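One is the number of the first residue; the rest follow in order along the sequence. Values in this document were obtained by computation on a predicted structure and should not be read as measured data. When reading the values below, keep in mind they use all heavy atoms of this one structure, side chains included, and skip hydrogens, waters and symmetry mates.
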Amino acid sequence: SPASRHPERYSVVAVEYAPGPRGFVKGPVGTLEAMRQGSRAVAVISVHASPLSDLGSGENGGMNLAIRRLCEGLSLRGVPTDVFVRRDGPGPDEELIAPLSRLVRLPVGPPAPLRKEHVRALLDDFTDATIRHAESERRTYRAIHGHYWHGGIVGRQLREAWDVAWVQSFHTLALTKARAGLPLDALRAQAEGELAAQADRLVAASAAEARDLIRLYRASRDRICVAQPGVDPRLFAEHDGSGLRRSLGLDGARVALFAGRLEPLKGAQILLDAAVLLRRSPEFADLAVVIAGDDSGDGAIHDSGGERSRLERHAARIGLGDHVRFVGAVPHEHLAVYYAMADVCVVPSLTESFGLVALEAQALGTPVVAAAVGGLREVVEDGVTGYLVEGHDPEDYARAIADVFEDPLRKVEMGDEARRRAGRFTWLRAVDRLAAIYDRISVEGQPSGSPCGYEDDEARAMMGSAAS
């Protein structure tokens with residue numbers, strides 16, 4: 001078998017690790033057979049989100065990408081991972097993500113996509129299927145890493161079955177979404193509170209998420225570790241967006257880009273309304289909007305045909321129809337050209353645990369106008385790499401976008417600063433932190449003064465202020 005069915009994806013993390021970290025493991029890796037013979041791997045539980053799925057539609061987004069990049073990096077560091085997901089369509093039972101990482105599709109429930117609320121009833125069966133799979137190979141694990149609250153419920157049960165430590169990443173939190181004005185999922189919020197209290201370690205994608213775990217869920221800061229995602233180093237290469245502009249019929253236009261799943265949480269309508277306000281001025285009559293993404297599970301529940309259909313109708317109703325392009329879900333490896341084509345990337349999310357889109361746009365030198373929420377405050381430097389907007393008023397977004405366009409020289413300077421800031425966030429650091437956490441909590445790990453296995457004074461200071 002090849003080392004990976006996606007060598008172009010795997011090479012992303014290899015760029016950062018070349019010529020390889022200390023302790024880089026070489027051996028009979030790169031085949032599923034070699035993976036099955038190994039032991040002491042980490043069991044990664046990602047019930048609804050496959051790291052090999054295309055991004056930007058359904059439930060596929062930053063969580064999928066983060067798991068994929070982390071597993072690729074852990075593989076290069078010599079840490080094996082088995083990623084367990086629910087089979088929701090065609091594909092082999094097992095598939096390599098990287099030489100020491102494999103995806104395992106478990107036959108739990110119908111082999112078709114399900115709404116996340118319907119997945120909850122399958123979690124006990126998912127746990128049983130995971131245990132049976134491990135027993136069939138006589139495979140043991142040094143740690144369990146649950147992703148999202150569904151993965152946490154499974155991870156908690158596996159800890160009891162296997163007597164190994166359980167690490168939990170939530171990615172999004174029900175109480176954070178409710179605080180932003182979205183409907184409260186009370187069942188999920190209660191489950192997250194229990195999981196936050198019981199996990200051996202909580203891994204937050206940002207200091208903002210860590211603060212929410214402390215403030216909203218009363219989680220112990222001594223069990224919270226912050227491991228911010230990174231950016232694909234290939235994004236720092238030059239990309240030419242002129243051909244894409246021509247193909248979209250946008251030559252001569254200034255382009256504002258939205259990239260992400262289409263659901264109310266992501267706030268795409270705010271950008272549409274801001275663009276209409278700007279186009280009323282002759283100075284911005286050339287403004288166009290590109291929407292890259294498709295309905296998520298939450299975005300597809302509208303009686304009117306889904307969030308994309310609703311946004312398309314809204315754009316036509318407000319007179320923006322001829323000046324917006326809905327391009328659907330874009331494969332992640334092609335997003336760089338969209339970032340390069342855009343004059344500004346707008347991230348108007350109601351809440352955001354981290355903000356990978358903002359980070360990736362900055363890596364391409366594209367200024368970002370983003371909501372001043374969650375991890376976006378850590379990614380975007382207000383007034384330097386773009387602007388952070390308090391609240392969700394389209395007029396405020398229109399002013400911020402206008403400020404980016406107002407001074408062409410200043411816009412170039414913002415792009416240069418955006419590249420520099422994006423360079424601070426690497427998958428190498430995220431992988432090293434995750435490996436340190438696994439070492440710290442596993443029986444094979446070396447004791448450390450830090451509960452995470454590394455020191456992060458900045459994040460701990462932020463968490464300390466949250467608890468005070």
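- Judged purely by atom type and a 3.5 angstrom limit, Tyr217 has no side-chain atom pairing as donor or acceptor with the backbone of Leu195.
- At distances below 3.5 Å, not a single donor-acceptor pair connects side-chain atoms of Glu94 with backbone N or O atoms of Arg102.
- With a 4.5 Å cut-off on side-chain heavy atoms, Trp149 and Lys116 do not count as touching.
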Practice problem: Report the C-alpha separation of Leu74 and Ser101 in whole Å, then their side-chain angles, then the decisive distance to 0.1 Å, and conclude whether the side-chain contact (heavy atoms from CB on, under 4.5 Å) test is met. | Solution: CA-CA 8 Å; Leu74 288 167; Ser101 180; over 6 Å; no

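- Between Ala43 and Phe84, the shortest heavy-atom distance links the atoms CB-CE1, 4.1 Å.
- Applying side chain to side chain contact (heavy atoms under 4.5 Å, CB included) to His145 and the options Val167, Ile67, Ile45, Ile437 leaves one that passes, Val167.
- When all heavy atoms are compared, the tightest approach of Glu209 to Ser353 is OE1-CB, 4.1 Å.
- Of the possible donor and acceptor atoms, none in the side chain of Arg105 sits under 3.5 Å from a partner among the backbone N and O of Val85.
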Self-check item: Steps toward side-chain contact (heavy atoms from CB on, under 4.5 Å) verdict (Thr385, Val368)
Solution: CA-CA 7 Å; Thr385 68; Val368 173; 5.8 Å; no

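- You'll find the side chain of Cys225 reaches within 4.5 Å of the side chain of Tyr454, heavy atoms only.
- Remark: the backbone N or O of Ala112 is paired with a side-chain donor or acceptor of Arg86 at under 3.5 angstrom.
- Ala41 approaches Thr81 most closely through the heavy-atom pair CB-N, 4.3 Å.
- Of the N and O atoms on the side chains of Tyr141 and Asp82, at least one donor lies less than 3.5 Å from an acceptor on the other residue.
- The side chain to side chain contact (heavy atoms under 4.5 Å, CB included) test with Ile401 singles out one residue from Val389, Asp396, Val346, Asp343, and that residue is Val346.
- Taken to the nearest 0.5 Å, the CG atom of Asp439 stands 5.0 Å off from the CZ atom of Arg142.
- Contact between Tyr387 and Asp382 at its shortest, heavy atoms only, is CA-OD1, 3.3 Å.
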Practice problem: Test side-chain contact (heavy atoms from CB on, under 4.5 Å) on Arg68 and Asn64 and set out the steps. | Solution: CA-CA 6 Å; Arg68 186 168 77 207; Asn64 306 62; over 6 Å; no

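- Between Gln228 and Arg429, the side chains place a donor N or O and an acceptor N or O closer than 3.5 Å (distance only, hydrogens not considered).
- Ion pairing between Glu352 and Lys266 holds under the 4.0 Å rule for side-chain N and carboxylate O.
- Side-chain contact between Pro451 and Arg201 is present, with heavy atoms from C-beta onward closer than 4.5 Å.
- With rounding to the nearest 0.5 Å, the separation of CZ in Arg77 from CG in Leu70 is 12.5 Å.
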Self-check item: Criterion side-chain contact (heavy atoms from CB on, under 4.5 Å) on Leu271 and Tyr397, from CA distance to verdict
Solution: CA-CA 7 Å; Leu271 171 56; Tyr397 277 86; over 6 Å; no

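- Note that Arg308 lies outside the cation-pi zone of Phe326, set by a 6.0 Å cut-off to the ring centre and a 45° limit from the axis.
- Taking 4.0 Å as the cut-off between side-chain N and carboxylate O, Arg377 and Glu390 count as a salt-bridged pair.
- Between Arg87 and Asp93 there is a side-chain heavy-atom pair separated by less than 4.5 Å.
- Gln362 places no side-chain N or O within donor-acceptor distance of the main-chain N or O of Arg421, the cut-off being under 3.5 Å.
- At a threshold of 4.5 Å between non-hydrogen side-chain atoms, the residues Val327 and Tyr338 count as touching.
- Aromatic ring orientation, His150 versus Tyr148: perpendicular (interplanar angle above 60°, classes split at 30° and 60°).
- Taking the side chain as every heavy atom from C-beta outward, Arg188 and Thr172 approach each other to under 4.5 Å.
- In this structure, the side chain of Ser442 does not engage the main chain of Ala143 through any donor-acceptor pair within 3.5 Å.
- Across Ala98 and Glu72, no two heavy atoms sit closer than the pair CB-CA, 4.0 Å.
- Using a 4.5 Å heavy-atom cutoff, the side chains of Ile97 and Leu52 are in contact.
- Counting only heavy atoms from C-beta outward, the side chains of Phe258 and Val289 never approach each other to under 4.5 Å.
- To the nearest 0.5 Å, atoms CG (Asp286) and CZ (Arg254) are separated by 4.0 Å.
- When every heavy atom of Ile224 is checked against every heavy atom of Ala219, the shortest pair comes out as CD1-CB, 4.1 Å.
- Considering OG of Ser50 and CE of Met63, their distance stands at 10.0 Å, rounded to 0.5 Å.
- Checking side-chain atoms of Ser75 against main-chain N and O of Cys71 turns up no donor-acceptor pair under 3.5 Å.
- One finds the CG atom of Leu356 at 10.0 Å from the CG atom of Leu376 (value rounded to the nearest 0.5 Å).
- Taking CD1 from Ile291 and CD from Glu307, the interatomic distance works out to 10.0 Å, rounded to the nearest 0.5 Å.
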Quiz item: Glu417 and Arg424: salt bridge (charged side-chain N to carboxylate O under 4.0 Å, His left out), yes or no, with the steps?
Solution: CA-CA 11 Å; Glu417 291 294 333; Arg424 295 171 47 188; over 6 Å; no

